[in-house]
Amino acid sequence: MERAYWLMKSEPDEASIDTLAQSVSQRLPWTGVRNYQARNFMRDAMRIGDGVLFYHSSCPQPGIAGLAEVASTAYPDTTQFDPASPYFDPRSDPAAPRWLHVDVRFVRKTRLLGLAEMRATHSLSDLQVLQRGNRLSITPVTPAQWQAVLAVLDAG
DNA sequence: GCCAACGTTGGC
DNA sequence: GCCAACGTTGGC
């Protein structure tokens, strides 16, 4: 299967591109996804080696902050069973975990490609994350969109 | 299956 | 803090 591409949102207060870069293995479990569509992308469509645009959300400067790579297939998210976790889900059955996640590996930081610039750039205008009403924390990116993002990053 | 109420996301 | 948009829940 050929390499696919994704945009994954993270709140930098929780996990930023620097968190990923500075983690021991430069690799983090993408825990906390509690949306079925986003979960299904990880479970059904992601493959090891897929490219990831690391996006900072809910922060002063939202935008793409770096590149990463899918580093595992999907496996159960342990935070769903931890009552102390904000991601605790009392309705999830340990025998059939509801929530899964992949691991993500650091590739490199980029300049911050801010949301306003993304919106102002024609070649990026069809990115799913920019579409009206989109709230998904994980969205697919086409090979053409991936190339366009890299080109815009280089141009800046 | 419908749909109103409620919760969450996330930019501004 | 506001609010648009969308997802989830649960009564019926």
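By convention in this document, chain letters (A, B, ...) are assigned in the order of the sequence lines, proteins followed by strands, and residues within each chain are numbered from 1. Reckoned from all heavy atoms, side chains included, excluding hydrogens, waters and symmetry mates.
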I'd like to check the side-chain contact (heavy atoms from CB on, under 4.5 Å) partners of A:V149; sequence neighbours left out, ordered by chain and number.
A:L53, A:I64, A:L113, A:L124, A:L127, A:L153

Just so I know, are the side chains of A:W99 and A:R34 near enough to count as touching, which here means a heavy-atom distance under 4.5 Å?
yes

Just by distance, with hydrogens left out, do A:E11 and A:S57 show a side-chain donor and acceptor under 3.5 Å apart?
no

Check whether any side-chain heavy atom of A:I138 sits under 4.5 Å from a side-chain heavy atom of A:M46, and report yes or no.
yes

Could you tell me whether A:R39 and A:D44 make a salt bridge, using a distance below 4.0 angstrom between a side-chain N and a carboxylate O?
no

Where along residues 50-65 of chain A does a heavy atom come under 4.0 Å from DNA chain B, residue by residue in number order?
A:Y55, A:S57, A:S58, A:P62

Of all nucleotides in DNA chain B with an atom under 4.0 Å from a non-hydrogen atom of chain A, which is the first and which the last going 5' to 3'?
B:dG7 to B:dC12

Of A:N35 and A:R91, whose closest DNA chain C nucleotide lies nearer the 5' terminus?
A:N35

Note, A:R3 side chain near A:E69 side chain (heavy atom, < 4.5 Å)
yes

Taking atom types as modelled and ignoring hydrogens, do the side chains of A:D50 and A:W6 form a donor-acceptor contact shorter than 3.5 angstrom?
yes

Would a hydrophobic clustering, with Ile, Leu, Val, Met, Phe, Trp and Tyr connected at side-chain separations under 4.5 Å, put A:L150 with A:V141?
yes

